[in-house]
Protein chains: 2
Amino acid sequence: MEDLNTCIREKANPMQINECRKKVTANEESFTQLSGILALAGNEVRLKILYLLDQERELCPCDLSDILGMSIPAVSQHLRKMKDSNIIEFRKEGQTIFYSLKTENLKVLQPFFNIINRMNLTPNTA
Amino acid sequence: MEDLNTCIREKANPMQINECRKKVTANEESFTQLSGILALAGNEVRLKILYLLDQERELCPCDLSDILGMSIPAVSQHLRKMKDSNIIEFRKEGQTIFYSLKTENLKVLQPFFNIINRMNLTPNTA
DNA sequence: TTTCTATTTAAGTATTTGCTTAAATAATTA
DNA sequence: TAATTATTTAAGCAAATACTTAAATAGAAA
């Protein structure tokens, strides 16, 4: 009873643990970047927004609010988060702002959209 | 000044909005499921754990704690979360518990691991 | 200019998250 | 049996989230 909550298994493989440590540190940046994008897409509202932007090419906060049935500020704050993380961009047309996906991140996001479309292969049961 | 914070654009396309609503409701379940998995992988610690489980086939909380440099209870709670969401499973060997990825979810997770591996194509600058 | 429309921003709040430490389980060994 | 080891669970807490409402900004139309 000297080092409580520390668990140093006799059967542990120090070589394996060391190799794993190396892999983690070598990819540290990738883990940070990727988990950031996944965290954004890991919110149901934002995943829907991303999916809709992919489908429609571009949409404004007003329409998104209408489609998703939630307040405009709520939508706007989600859009800002994604804009700040550089996964979406916008263009102005009068007082309307159209948001769209940044093509750079499509490689990461496209598989998700494919999954969503593939998951729902029974649109009308007829 | 009658319906503040509601924005009904004249230029909005009601057809488009209606189609979008349909798409969202048709895929409601997919959005919930997928965003759940993405939220799990959207945490940097958990993404590392998933990556390591993929690389090593299976690992115990003790070794993961050692590799990641964090407390065993912290690791254990992440593992529980992923076990509860059915993306990992475990087997017992004595008092050691080995966690591994559930193969069902590999289709969703594999692209992430590929991205991590591809992101780091300059391991040693020599 | 004033009013209206589209959007953002700010402030407040309830909920969730991810850790900490301490205690509880459960299998193993002495 | 008691002590050790591997792990989980519980309680507590600071920080992050995601909404709300109200106010601010800015372009368009009257």
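Quick note on labels: first sequence line is chain A, next is B, and so on, each numbered from 1. Because the structure is predicted, anything quoted here is derived from the model rather than measured.
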So, do [X] and [Y] sit near enough that their side-chain heavy atoms are less than 4.5 Å apart?
X        : Y        : result
A/Asn105 : A/Ile88  : no
A/Asp66  : B/Arg21  : yes
B/Arg91  : B/Glu58  : yes
B/Glu89  : B/Ser100 : yes
A/Leu50  : A/Met82  : yes

Check: Hey, is the side chain of B/Asn43 poking within less than 4.0 Å of OP1 or OP2 on C/dT17, counting only N and O atoms?
Finding: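 Checking B/Asn43 against C/dT17: no side-chain N or O falls below 4.0 Å of OP1 or OP2.
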Check: Considering only side-chain heavy atoms of A/Ile72, which listed nucleotide, C/dT7, D/dA18, C/dT17, is closest?
Finding: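 Among C/dT7, D/dA18, C/dT17, the one nearest the side chain of A/Ile72 is C/dT7.
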Check: Given D/dA18, D/dT20, C/dC19, which nucleotide is nearest the side-chain atoms of A/His78?
Finding: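 Among D/dA18, D/dT20, C/dC19, the one nearest the side chain of A/His78 is D/dA18.
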Check: Considering only heavy atoms, which members of residues 45-59 of chain B lie under 4.0 Å from some atom of DNA chain C?
Finding: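 Nucleic-acid contacts, sorted: B/Val45, B/Arg46.
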Item checked: Within residues 89-100 of chain B, residues whose heavy atoms come under 4.0 Å of DNA chain D ->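 Result for residues 89-100 of chain B: B/Gln95, B/Thr96, B/Ile97, B/Tyr99, sorted by number.
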Enumerate the protein-to-nucleotides 9-12 of chain C contacts in which both atoms are nitrogen or oxygen and the separation is below 3.5 Å.
residue	atom	partner	partner atom	Å
C/dA10	N6	A/Gln77	NE2	3.2

Nearest 0.5 Å, what's the [atom1]-[atom2] distance between [X] and [Y]?
X        : Y       : atom1 : atom2 : value
B/Cys20  : A/Asp63 : SG    : CG    : 8.0 Å
A/Leu34  : B/Glu44 : CG    : CD    : 10.0 Å
B/Phe112 : A/Ile37 : CZ    : CD1   : 10.5 Å
B/Leu53  : B/Arg46 : CG    : CZ    : 13.0 Å

Between [N] ([atom2]) and [X] ([atom1]): distance, integer Å:
X       : N      : atom1 : atom2 : answer
B/Leu38 : D/dT17 : CG    : P     : 16 Å
B/Asp66 : D/dT5  : CG    : C1'   : 15 Å
A/Leu79 : D/dC19 : CG    : P     : 12 Å
B/Asp84 : C/dT17 : CG    : C1'   : 15 Å
B/Leu64 : D/dT8  : CG    : C1'   : 15 Å

Checklist line | Transitive ILVMFWY side-chain link A/Ile87 to A/Phe98, under 4.5 Å | finding: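 No: no chain of side-chain contacts under 4.5 Å links A/Ile87 to A/Phe98.
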Checklist line | Contact nearer the 5' end of DNA chain C, comparing B/Ala74 with A/Cys60 | finding: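 Upstream on the strand: A/Cys60.
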Next item on the list: Classify the angle between the aromatic ring planes of B/Phe31 and A/Tyr51 as parallel (below 30°), tilted (30 to 60°) or perpendicular (above 60°).
Entry: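 Taking A/Tyr51 first and then B/Phe31, their aromatic rings stand perpendicular (interplane angle over 60°).
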